[in-house]
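The structure appears right after this line, and notes come after that.
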Amino acid sequence: MAIQIKTLEELKVMRRAGLLVGQTLELLRSSVKVGMRTDALDAIAAANIKRGGGTSNFNGYHGFKGTICVSLNDEIVHGIPRDRVIEDGDIVSLDCGAIIDGWHGDAAISVIAGTVDLADQKLLDVCEESMWRGIAAGASGARLSNIGHAIEQYVKSQGKYGILQEYGGHGIGTEMHMEPHVINFGKAGFGPEIVPGMALAIEPMITRGTHKTHVLEDDWTVVSNDKSHGAHFENTYCIAPDGKPFVLTAIDGGLERLKSLRIEVSDLLI
Ligand code: MG
Ligand code: MG
């Protein structure tokens with residue numbers, strides 16, 4: 001299947017969905033507290049998406065029960081919101097999506113509740129920075145595999161981290177998961193050329209130990225085989241018609257973080 005190419009008008013609707021996702025994640029970031037149940041975070045997200053005129057793309061997705069995924073510690077992704085209580089020092093990974101007028105946004109952050117373990121904080125910082133480097137490497141004219149290459153190179157430069165291999169980023173638009181699949185490792189210079197109108201969700205998932213994972217009996221939660229802590233960051237970005245990137249799920253469109261990587265963002269979607 002071909003990669004979906006969006007018009008500027010369509011990207012503007014995706015920006016509305018993306019901004020709602022970004023704002024919901026910021027609300028969740030400030031809401032995470034020790035002693036809170038993970039389904040309380042889900043309720044906050046559901047209310048905010050509804051208030052913003054969106055609908056959840058996660059709820060009911062292959063039977064998923066929840067508006068967001070909440071994954072703690074050795075759970076890397078796809079944790080189901082439930083009665084589990086967040087404890088002091090927990091890594092809380094929050095994955096959120098929304099649809100507005102048929103167009104999707106998808107993003108994720110990891111935060112630490114309460115007392116911060118410095119090695120966990122570094123894991124989160126490395127994961128987040130690798131996501132930005134992946135987006136920066138996915139400029140107009142680049143080959144798709146340049147993204148995963150940039151993510152892996154950065155993560156490896158920072159220490160012994162495991163990069164999940166069975167999960168990755170994806171095209172996004174009128175569906176949440178579309179072509180192409182975007183792996184978070186590998187050589188540069190392969191795959192389709194990235195061109196204006198494309199939108200991709202970039203989402204490195206890394207651990208402090210092994211890259212190997214398994215799925216819990218709930219059929220969703222992905223945990224590391226060695227119980228090492230994990231992190232997950234995600235943003236949806238596009239290439240605007242002017243050939244410049246714009247991060248649809250970042251409040252500032254990616255301006256600040258991409259500037260630090262000497263990448264100029266498009267002003268067509270602000
Ligand atoms: Mg996501
Ligand atoms: Mg995604």
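One-based numbering, in listed order, for ligands and for the atoms of each. Computed from heavy atoms alone, side chains included, the values below leave out hydrogens, waters and symmetry copies.
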Using the test side chain to side chain contact (heavy atoms under 4.5 Å, CB included), find all partners of Ser145 that sit at least two apart in sequence or belong to another chain.
Phe190
For Asp117, enumerate each residue passing the salt bridge (Lys or Arg N to Asp or Glu O under 4.0 Å) test, keeping only those at least two apart in sequence or located in another chain.
Arg208
If we ignore hydrogens and angles and just use 3.5 Å, is the side chain of His214 paired with the main-chain N or O of Ser224 as donor and acceptor?
no
Please give me the protein atoms (N, O or S only) lying under 2.8 Å from the Mg ion (ligand 1), ordered by chain and number.
Asp95 OD1, Asp95 OD2, Asp106 OD1, Glu234 OE1
Tell me, please, if His170 has any N/O/S atom, main chain or side chain, under 2.8 Å from the Mg ion (ligand 2)?
yes
Donor-acceptor contacts under 3.5 Å from residues 44-54 side chains, at least two apart:
| from | atom 1 | to | atom 2 | distance (Å) |
| --- | --- | --- | --- | --- |
| Asn48 | OD1 | Arg51 | NH2 | 2.9 |
| Asn48 | ND2 | Thr24 | OG1 | 3.0 |

Does the side chain of Asp74 come under 3.5 Å of the side chain of His229 through a donor N or O and an acceptor N or O?
no
Measure the spacing between SG of Cys96 and CD of Gln23 and express it to the nearest 0.5 Å.
11.0 Å
